[in-house]
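Right, one structure below, let's go through it.
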Amino acid sequence: MKYEITIGGTMRHVDIEPAGDGRYRVSWEGESHDVDLLRPTPEAYQMLIDGESWEAGCVAVPDGYLVDVMGLSTEVGVVDPRRKALRLAAGTATGMLATQMPGRVVRLLVQVGDPVKKGQPIIVVEAMKMENEMKSPIDGTVGEILVGEGQAVEAGTKLVRVEA
Amino acid sequence: MKYEITIGGTMRHVDIEPAGDGRYRVSWEGESHDVDLLRPTPEAYQMLIDGESWEAGCVAVPDGYLVDVMGLSTEVGVVDPRRKALRLAAGTATGMLATQMPGRVVRLLVQVGDPVKKGQPIIVVEAMKMENEMKSPIDGTVGEILVGEGQAVEAGTKLVRVEA
Amino acid sequence: MKPPLHKVLVANRGEIAVRVIRGCHELGIRTVAIYSEADRSALHVRNAGEAYCVGPAPSSESYLRGDVVIEVAKKAGATAIHPGYGFLSENAAFAQMVMDAGLVWIGPPPSAIDAMGSKTGARQRMVAAGVPVVPGTTHPIETEAEAARIAADIGYPVMLKAAGGGGGKGIRKVDHPEDFAAAWRAARSEAARSFKDDAVYLEKFVSNPKHVEIQVLADAHGHTVHLFERDCSVQRRNQKVVEETPCPVLSDTTRLAMAKVAVQAAHAVGYVGAGTCEFLYSQESGDFYFLEMNTRLQVEHPITEMVTGIDLVRAQLRIAAGEPLWFTQEDVKQVGHAIECRVYAEDPANNFAPAPGKISGLREPGGPWVRVDSGVYAGYEVPIHYDPMVAKLVCWGANREEAISRSIRALREYRVRGIRTSIPFFEAILRDSDFQAGNYSTGFLSPERMKALTDAGHNDRIATIAAAIAKYEADTRPARVQSAGKAESPWKLAGRPKGPTWRVP
Amino acid sequence: MKPPLHKVLVANRGEIAVRVIRGCHELGIRTVAIYSEADRSALHVRNAGEAYCVGPAPSSESYLRGDVVIEVAKKAGATAIHPGYGFLSENAAFAQMVMDAGLVWIGPPPSAIDAMGSKTGARQRMVAAGVPVVPGTTHPIETEAEAARIAADIGYPVMLKAAGGGGGKGIRKVDHPEDFAAAWRAARSEAARSFKDDAVYLEKFVSNPKHVEIQVLADAHGHTVHLFERDCSVQRRNQKVVEETPCPVLSDTTRLAMAKVAVQAAHAVGYVGAGTCEFLYSQESGDFYFLEMNTRLQVEHPITEMVTGIDLVRAQLRIAAGEPLWFTQEDVKQVGHAIECRVYAEDPANNFAPAPGKISGLREPGGPWVRVDSGVYAGYEVPIHYDPMVAKLVCWGANREEAISRSIRALREYRVRGIRTSIPFFEAILRDSDFQAGNYSTGFLSPERMKALTDAGHNDRIATIAAAIAKYEADTRPARVQSAGKAESPWKLAGRPKGPTWRVP
């Protein structure tokens with residue numbers, strides 16, 4: 001199976017083939033690894049990569065995974081090229097801002113229809129006595145605001161949809 | 001709801017009523033307790049019993065639970081009197097011997113048709129380099145032997161059925 | 001243990017409540033926990049002998065309700081209250097209420113809490129007791145001549161500060177006497193422009209300071225000892241993140257002088273119990289200045305326990321029970337080195353944004369000389385209502401290098417799934433060459449260093465492989481989770497090759 | 001660390017492999033784990049830098065395959081091998097093979113392993129070196145007169161034992177010289193009846209003995225030191241279950257005499273590295289006798305680490321790298337008290353029947369001076385193929401009472417769900433009045449005491465309540481598992497009463 005995997009700005013075409021008994025062959029340009037996978041607990045991916053022992057936590061997020069290696073989280077985009085082709089044909093790009101942490105919405109900094117820049121603070125969420133400004137994921141226009149000031153939100157709650 | 005609860009040789013009629021929000025009222029002759037239950041992890045029953053903090057692990061076994069309190073396991077028979085009435089009407093008592101631990105059958109000490117006494121060793125199972133004699137649960141006759149010598153067995157595997 | 005400490009109510013939550021409960025249980029003392037409605041599932045509730053709810057999630061309606069806490073203590077038959085740190089621990093009125101209710105207060109007398117409670121009042125008392133404080137004036141100075149004279153008295157460099165000020169305006173550092181006149185004019189005019197008030201006062205500038213503190217223990221019979229120092233200079237937003245003992249740059253002379261001052265300060269206010277005197281230590285001049293006294297157990301008390309072998313919670317309990325100190329100053333030895341890392345549920349790379357949430361998986365480090373004081377467990381949801389500190393990792397080593405390398409090993413074993421924590425950030429700090437040289441002050445975590453410390457360590461290769469496999473498994477076998485050895489009988493595995501196996505022909 | 005120890009292969013499994021890996025990582029040494037097909041999910045595989053399968057589940061086809069182990073070490077680029085304990089650790093031929101392969105052997109020279117390998121050979125060498133062994137003859141004695149003379153020489157009480165014997169037949173304890181003649185006749189006639197051989201030999205009777213051992217460390221430059229003793233008398237089926245240091249009944253004079261003998265014994269065989277001399281200590285006479293030397297790290301090494309502050313694995317690595325000892329005998333201090341409980345997956349109440357299986361839940365104790373050296377984790381399935389020891393709990397205290405009370409506290413915090421363990425059994429041992437008095441010998445765990453120790457502690461009231469609730473929940477809401485705070489937003493809980501809440505009017 002081939003995937004397009006994106007970390008930071010770098011995209012790689014990664015090929016993964018099962019080798020039986022929880023083992024995989026993972027290859028991309030110039031690199032190829034034998035991986036023996038064990039999931040000792042549901043959240044842990046324990047891998048022997050060419051014999052090297054590594055552990056990662058993988059949480060599914062839209063279009064990829066949040067991968068935790070030694071406590072450091074990296075957003076990894078994973079796209080199946082066949083599906084990507086379908087989706088690109090389908091519609092407009094939108095940026096959905098969701099909260100990673102539970103808390104309470106303190107202030108909305110934008111209204112529907114406002115033009116926003118990528119990285120511009122658009123909403124403030126409070127947790128553990130600290131206010132956190134959440135930023136627009138893309139350049140665009142505020143399409144929808146899904147929460148109100150004072151509202152309690154859980155991790156993963158969608159806050160604001162920005163349309164490109 | 002009323003249950004007949006048996007520990008060791010002692011049987012109690014225990015009455016349990018929900019009190020909302022994970023709370024229960026548990027009563028029997030002369031004793032009555034308010035219990036606030038939390039299951040912080042699936043295997044742990046964390047209880048505030050009239051404010052006292054206790055934790056138990058409960059594993060379902062036939063006709064009851066194996067309850068672990070501070071690492072000490074107790075077999076607790078729990079019978080719903082209405083169902084008990086149904087069952088008593090139904091049929092003969094048999095004693096099924098199963099292994100609590102995974103291992104390997106080393107020796108069979110009886111044959112089908114042999115009369116056996118409760119507590120008489122009838123089969124030897126090895127695990128962790130140690131041989132363990134498993135005993136007949138009741139007085140009776142060996143009705144069926146479900147494993148062979150040398151066979152690997154998992155926890156819970158039925159070994160020998162003794163008929164009363 | 002004496003009857004007064006038959007049963008102790010711990011008026012706190014999280015790791016410190018767990019710590020105090022452990023200390024009580026080791027002495028055979030029964031324990032009562034309290035919890036807010038948000039804390040039913042907290043670890044201290046699980047570990048205590050009894051637990052009672054004291055109100056809704058906000059601290060002001062639960063943990064800070066002294067009246068409710070005392071009521072619960074009496075109903076539960078507790079004979080004493082231990083406040084932990086924070087919450088009601090430095091509330092003299094509460095301490096008095098506890099004693100008035102006929103309960104033992106496991107802390108210093110209310111009068112000592114009061115005496116150290118106000119910074120200016122404490123400063124005056126300390127000056128009177130001969131304890132060094134940061135030199136300067138606290139009142140505006142009238143003339144340049146008077147100001148220059150005071151500056152010469154306390155020694156350069158000095159700071160000129162706007163009396164009406166804040167936010168960095170109207171502040172001038174003056175390094176040499178010849179620069180004084182110009183700085184005086186500039187500070188006054190900036191103060192006037194910014195605050196419509198040109199009043200300026202003067203304070204000694206402590207350059208490159210370390211935050212060093214001394215642990216003291218005093219009994220109710222007039223004996224006070226110190227348990228040496230802790231270096232708590234690694235701070236973010238004035239909050240300590242890594243502490244160590246001994247302080248890597250303190251001379252024995254200064255260490256003992258500072259300790260003597262701390263004992264003196266405790267004596268001056270009739271202190272009883274465990275307390276800590278905080279000092280600012282100038283690495284350039286070698287001088288130190290009293291800042292304040294914390295009249296309670298500190299978060300970082302474990303590193304002192306590790307190098308002295310003295311259990312501070314046990315000591316608090318025995319002192320509260322009326323025992324005289326069972327050792328002398330000469331018996332207290334500082335052996336080896338200890339480091340504490342405060343594990344926060346937060347993201348250091350994102351301006352320390354809080355990261356509450358469910359801990360889906362947890363594996364704490366273990367083995368030699370690794371101590372974890374934790375307030376959480378696997379499956380626990382870190383609530384949004386309280387301090388984000390979830391645990392403390394404390395490592396001891398025969399020397400500083402051993403303590404550092406052991407801490408790094410333990411941090412790399414530490415697995416917290418489901419929430420972000422400061423664990424990898426600590427590894428970056430402990431590997432920092434300035435930290436390793438002991439060369440750091442309270443300004444250590446500058447924006448530049450923060451960037452360097454949080455940029456490092458990401459492993460894109462491993463992340464790529466893990467994500468590819470996760471996606472493949474999701475695409476092909478969505479629900480499969482192979483739990484260790486669960487899928488098949490271990491006997492069936494025998495004889496089947498698994499993983500690379502080498503055989504010698 | 002020197003190049004020879006760039007990367008170490010740990011030829012073991014379980015907690016000791018984890019322990020050695022930790023020691024290597026703290027010194028910046030890379031690690032290679034090996035595992036059998038039954039051990040892919042083992043903790044040492046997770047913690048190591050690399051891991052390779054060496055064969056099927058049976059040790060004889062994996063962990064004991066010295067040839068495969070060396071082959072893996074070379075392919076993985078390891079430069080040294082640490083054997084842990086058990087398996088290949090006392091195999092002189094394997095040690096030689098490792099060295100012949102150009103790898104560093106982290107252990108004593110093969111000649112020292114050999115010299116201590118056979119009990120009779122070791123006994124002869126020790127006698128030659130002036131080390132005390134249990135006095136007596138190993139050959140049959142011809143006449144009563146000669147036997148009585150030997151008995152008088154070695155001192156009463158003595159044991160007469162049938163040379164061809166076993167099973168307790170032909171054995172007579174003789175307390176006084178006047179009883180000797182009768183005992184001699186009885187023993188010979190019983191021997192003749194039982195074994196058709198009336199040959200009898202004679203050994204000193206060590207009554208009420210303790211098993212006490214001395215830890216030694218020797219470098220390759222001729223320096224040998226001791227790290228004091230361990231009392232390992234709490235045993236079941238000749239296997240240690242609880243160890244402590246210091247030994248509660250040893251006088252300083254005896255302690256130092258025993259330590260001196262151990263150093264002498266190590267010297268006599270040219271010992272290098274960490275080793276242990278085991279002694280039988282008579283509580284009645286105060287005499288002690290050399291039993292054997294274990295030429296490897298012991299299971300119970302952590303208690304020595306806790307009271308001396310010396311990391312024994314680190315010491316092994318530094319010695320193997322050729323470093324001379326970095327401290328002298330005078331530097332080694334015995335501070336406080338340490339106790340180890342070996343946590344076995346077994347049921348002490350059922351004749352210690354093994355209890356392998358899946359650990360469905362695990363919460364290890366923590367906090368001050370509590371060390372867990374574990375080989376397992378939550379979700380791990382304890383395999384049926386190996387030793388049932390899954391972890392070691394090691395607690396330090398400023399004195400013995402503190403170490404005991406801390407151990408009990410830690411045992412009560414320890415939660416292992418899914419399998420039975422010896423954890424509650426240890427609590428019963430540590431609460432036993434004879435244990436608390438230090439008054440125990442190798443016969444401590446007699447059948448009578450076993451019955452008393454395993455009968456206590458069951459709490460039927462709690463079991464009744466838990467079972468009733470479990471049944472009710474199964475009957476009414478079968479699949480409901482309320483995970484902490486998961487069911488509802490924590491915000492929604494605020495303001496809703498939960499649990500008994502007391503309010504002051």
Side-chain angles (χ1 to χ4, degrees), chain A residues 1 3 5 7-8 10 12 14-18 21-24 26 28 31 33-45 47-51 54-60 64-65 67-74 76-78 80 100-104 126-130 132 155, chain C residues 345-347 349-358 360-361 363 378 381-388 411-412 414-425 427 457-476 480-484 496-500:
Chain A
M1 187 84 80
Y3 295 111
I5 294 194
I7 295 184
T10 310
R12 297 187 176 101
V14 176
D15 192 12
I16 174 164
E17 293 301 333
D21 279 337
R23 281 181 289 164
Y24 294 97
V26 183
W28 59 87
E31 284 201 53
H33 303 283
D34 278 320
V35 182
D36 181 351
L37 175 74
L38 179 91
R39 290 175 68 179
T41 52
E43 76 286 349
Y45 285 67
M47 302 175 287
L48 296 177
I49 303 176
D50 304 323
W54 286 95
E55 221 163 291
C58 296
V59 177
Y65 290 87
V67 182
D68 166 3
V69 182
M70 299 301 290
L72 289 170
S73 287
T74 307
V76 185
V78 187
D80 178 341
Q100 301 288 339
M101 61 193 172
R104 185 192 293 272
E126 184 203 80
M128 285 172 162
K129 316 274 174 211
M130 268 201 48
N132 300 279
Chain C
E346 66 184 17
D347 185 0
N350 188 13
N351 197 28
F352 300 103
K358 181 164 177 167
S360 58
R363 194 151 58 86
E381 177 142 353
V382 180
I384 60 175
H385 307 283
Y386 311 106
D387 189 273
L411 288 164
R412 292 181 70 87
Y414 216 138
R415 299 271 184 280
V416 185
R417 304 263 177 233
I419 62 168
R420 295 194 191 202
T421 73
S422 45
I423 289 169
F425 176 58
E427 186 181 341
H458 286 269
N459 193 323
D460 288 352
R461 196 170 124 262
I462 304 305
T464 298
I465 293 168
I469 292 177
K471 176 71 171 164
Y472 182 88
E473 295 218 323
D475 286 352
T476 56
R480 175 180 176 259
V481 172
Q482 169 142 21
S483 161
R496 198 186 57 158
K498 196 163 165 70

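So that the names make sense, note that chain A is the first sequence line, chain B the second, and so on, each numbered from 1.
Of the listed residues A/Asp34, A/Asp68, A/Val59, A/Thr10, the one with more heavy-atom pairs under 4.5 angstrom with chain C than any other is A/Asp68. Of the listed residues A/Ala44, A/Gly71, A/Cys58, A/Ser73, the one with more heavy-atom pairs under 4.5 angstrom with chain C than any other is A/Ser73.
Residues A/Met70 and C/Ile462 are not in side-chain contact: their nearest non-hydrogen atoms beyond the backbone lie 4.5 Å or more apart. At a threshold of 4.5 Å between non-hydrogen side-chain atoms, the residues A/Val78 and C/Tyr472 do not count as touching. The closest side-chain heavy-atom distance from A/Trp28 to C/Thr464 is below 4.5 Å.
With a 4.5 Å cut-off on non-hydrogen atoms, A/Ile49 touches chain C through its side chain but not through its backbone. Only the side chain of C/Arg363 has a heavy atom closer than 4.5 Å to any heavy atom of chain A. With a 4.5 angstrom heavy-atom cutoff, C/Arg420 touches chain A only via side-chain atoms. Contacts of C/Ile469 with chain A are made by both backbone and side-chain atoms, with heavy-atom separations under 4.5 Å. For a residue to count as touching a neighbouring chain, one of its non-hydrogen atoms must lie under 4.5 Å from one of that chain's; by this rule A/Glu31 touches chain C with the side chain only. Only the backbone of C/Phe352 comes within contact range of chain A, with heavy atoms under 4.5 Å apart.
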Discussion item. Before you tell me yes or no, could you show the steps for C/Arg461 and A/His33 under side chain to side chain contact (heavy atoms under 4.5 Å, CB included), namely the whole-Å CA-CA distance, both residues' side-chain angles and the distance that decides it to 0.1 Å?
Written reply: CA-CA 10 Å; C/Arg461 196 170 124 262; A/His33 303 283; 3.5 Å; yes

Item to complete: Could you give me the CA-CA distance, side-chain angles and deciding distance for A/Trp54 and C/Asn459, then say whether side chain to side chain contact (heavy atoms under 4.5 Å, CB included) is met?
Response: CA-CA 11 Å; A/Trp54 286 95; C/Asn459 193 323; 3.3 Å; yes

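With rounding to the nearest 0.5 Å, the separation of CD in C/Glu473 from CG in A/Leu37 is 5.0 Å. To the nearest 0.5 Å, atom CZ of residue A/Arg104 and atom NE2 of residue C/His385 are 8.5 Å apart.
When all heavy atoms are compared, the tightest approach of C/Ala466 to A/Val67 is CB-CG1, 4.0 Å. The shortest heavy-atom contact between A/Val76 and C/Ala467 is CG1-CB, 3.5 Å. Scanning both residues, A/Val69 and C/Ala463, for their nearest heavy atoms gives CG2-N, 4.3 Å. Of all heavy-atom pairs spanning C/Ala474 and A/Tyr65, the tightest one is CB-OH, 3.5 Å. Minimum heavy-atom separation, A/Gly57 to C/Arg417: N-NH1, 3.2 Å.
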